[in-house]
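As structure tokens, the structure follows; a few thoughts come after it.
Side chains included, hydrogens not; waters and symmetry mates left out as well; all remaining heavy atoms used.
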Amino acid sequence: SSDLLFTVSFLRALCEPTLRGGRLLTDLKELNNEYEWKEFSHFQEKFRKRYSNLEELEKRFQIFRENLRDVIMHNLDPSQNFTMGINQFSDLTSMEFKNTYVRNAFQKQPLGSFGCKPYSSNAAAAPKEIDWRDFNAVNPIRDQGQCGSCWAFATTANAESVWAIQKGELLDLSEEFLVDCASGMGYFNMGCNGGTPDSAFKYMINNGQCYEEQYPYTSGVTKTAGKCHTCTPAPVKFSGCLDVAPNDQISLKGAVAINPVAVAIEADTRYFQSYSSGILDSPQCGRSEEHTSELQSRQYLVCRLLLEKKK
């Protein structure tokens, strides 16, 4: 059995994925109906948006223009440390975004519920900064689609990173395997209706993992878990997992110096919905734990959002 360890943290984190739309205004004088419709047309083409009738088209345009104006106003504010942009979620209200992509995706459980041991550190040996992407320890961004499976994506990403750091081989493992199989007695994950990384770690420790190629992700399109089936196991084996206590940022610093970390964050705000670049440091980020992701570097605690399209 390998001595590889996971580190799980349920902490509010500052995150920096990349969501980019088209050209945005730098002068409010240009903002008019013609510009807004042109941007909406560009948005429809870029993200292949099709609406069932004229009423739905008009509704989505009105939502889009409100989001567009929010983005422009935010980006014109020189006090902001991050930018917002147009992306595939720009025709959704904040409530639609939450209900479709975030709501109930993370099922909070007490630390240690699934056998993960507590982790603490004074981070004395932690480097000033580290980015695991520079060590070929992080796979590209993935799209969980319309399925509350962030818990499976964060767990799989963490497993890939830990194995890459310890064994020097970055594998592509299966999220769908966890969505379909890591449920029922002893695990209690609920497929597209949410789950917890600790439970998914326990399932991988007990049952191994599959390659993405052999067990590809489908739940983002079907919007539901599939029937669990077997695969030729990937050559990975893990022996245990660790939990960082909530709000223990020093221990989190020490943990990220060892390997990327799975974190729970509040991702249902308009800032996450329209995030583009920079350090998301808004006081309106919130503190609830609704979406899981992987924390992959430390300086400004950079993480990857699993809602974004794979590049």
Side-chain angles (χ1 to χ4, degrees), residues 12-103 105 141 143-146 148 150 220 265-288 290-291 293 300-311:
R12 175 176 172 234
L14 304 177
C15 303
E16 191 177 9
T18 305
L19 295 175
R20 302 191 183 278
R23 183 188 73 86
L24 294 179
L25 296 180
T26 58
D27 188 342
L28 284 180
K29 294 179 181 179
E30 297 181 52
L31 186 59
N32 53 47
N33 286 337
E34 181 180 355
Y35 171 81
E36 291 168 343
W37 182 257
K38 182 177 179 181
E39 288 300 303
F40 184 59
S41 298
H42 172 74
F43 161 80
Q44 291 179 82
E45 179 180 356
K46 181 175 182 179
F47 297 107
R48 299 179 181 179
K49 297 284 185 172
R50 299 294 183 268
Y51 305 113
S52 58
N53 51 55
L54 288 176
E55 288 76 15
E56 182 68 13
L57 177 69
E58 175 63 21
K59 176 183 177 180
R60 293 302 154 189
F61 173 61
Q62 294 301 330
I63 295 170
F64 174 86
R65 73 190 302 189
E66 290 300 317
N67 288 332
L68 176 64
R69 291 174 182 181
D70 282 346
V71 166
I72 292 170
M73 292 301 294
H74 175 89
N75 291 346
L76 290 175
D77 182 353
S79 68
Q80 299 293 345
N81 292 322
F82 66 99
T83 63
M84 294 164 65
I86 298 302
N87 57 51
Q88 63 266 42
F89 312 120
S90 295
D91 61 348
L92 302 176
T93 66
S94 57
M95 186 57 67
E96 287 174 330
F97 175 75
K98 177 178 180 178
N99 290 341
T100 303
Y101 294 101
V102 182
R103 187 177 184 181
I141 298 294
D143 183 5
Q144 72 182 58
Q146 295 187 39
C150 59
I265 57 177
E266 181 172 347
D268 65 344
T269 67
R270 66 186 183 91
Y271 295 116
F272 274 95
Q273 181 179 348
S274 299
Y275 177 83
S276 179
S277 64
I279 308 304
L280 206 167
D281 57 356
S282 170
Q284 298 182 40
C285 276
R287 292 179 177 272
S288 68
E290 298 175 318
H291 180 72
S293 182
Y300 289 106
L301 303 184
V302 177
C303 75
R304 63 183 200 172
L305 277 186
L306 302 172
L307 298 173
E308 188 188 359
K309 296 287 186 184
K310 180 180 279 192
K311 297 299 183 183

Min side-chain heavy-atom separation [X]-[Y] under 4.5 Å:
X	Y	answer
His74	Phe82	yes
Phe64	Glu36	no
Ile63	Glu96	yes
Phe89	Thr100	no

At what distance, to the nearest 0.5 angstrom, does [atom1] of [X] lie from [atom2] of [Y]?
X	Y	atom1	atom2	answer
Glu66	Ser94	CD	OG	11.5 Å
Phe40	Leu57	CZ	CG	5.0 Å
Leu68	Met84	CG	CE	10.5 Å
Lys46	Glu39	NZ	CD	10.0 Å
Leu280	Gln80	CG	CD	9.0 Å
Asp70	Tyr271	CG	OH	8.5 Å

List for me each residue that meets side chain to side chain donor-acceptor pair (under 3.5 Å) alongside Gln44, sequence neighbours excluded, and say none if there are none.
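Not a single residue meets the side chain to side chain donor-acceptor pair (under 3.5 Å) criterion with Gln44.
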Contacts of Asn53 that satisfy side chain to side chain donor-acceptor pair (under 3.5 Å) - sequence neighbours left out
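If we apply the side chain to side chain donor-acceptor pair (under 3.5 Å) test to Asn53, skipping adjacent residues, there are no hits.
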Glu58: salt bridge (Lys or Arg N to Asp or Glu O under 4.0 Å) partners, not counting sequence neighbours
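Partners of Glu58 by the salt bridge (Lys or Arg N to Asp or Glu O under 4.0 Å) criterion come out as none, since no residue qualifies.
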Provide the closest heavy-atom pair for [X] versus [Y] in the form atom of the first, atom of the second, distance.
X	Y	answer
Gly85	Ser90	O-OG, 4.3 Å
Asn87	Phe43	O-CE1, 3.0 Å
Asn67	Asp91	ND2-N, 4.4 Å

Presence of salt bridge, Glu55 and Lys59, under 4.0 angstrom:
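Answer for the salt bridge query: no.
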Is the side chain of Gln273 donor-acceptor paired with the backbone N or O of Leu92 at a distance under 3.5 Å, no angle test?
yes
Thr83 side chain vs Asn75 backbone, donor-acceptor pair below 3.5 Å
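No.
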Derivation of the salt bridge (charged side-chain N to carboxylate O under 4.0 Å, His left out) call for Glu56 and Arg60:
CA-CA 6 Å; Glu56 182 68 13; Arg60 293 302 154 189; 2.8 Å; yes
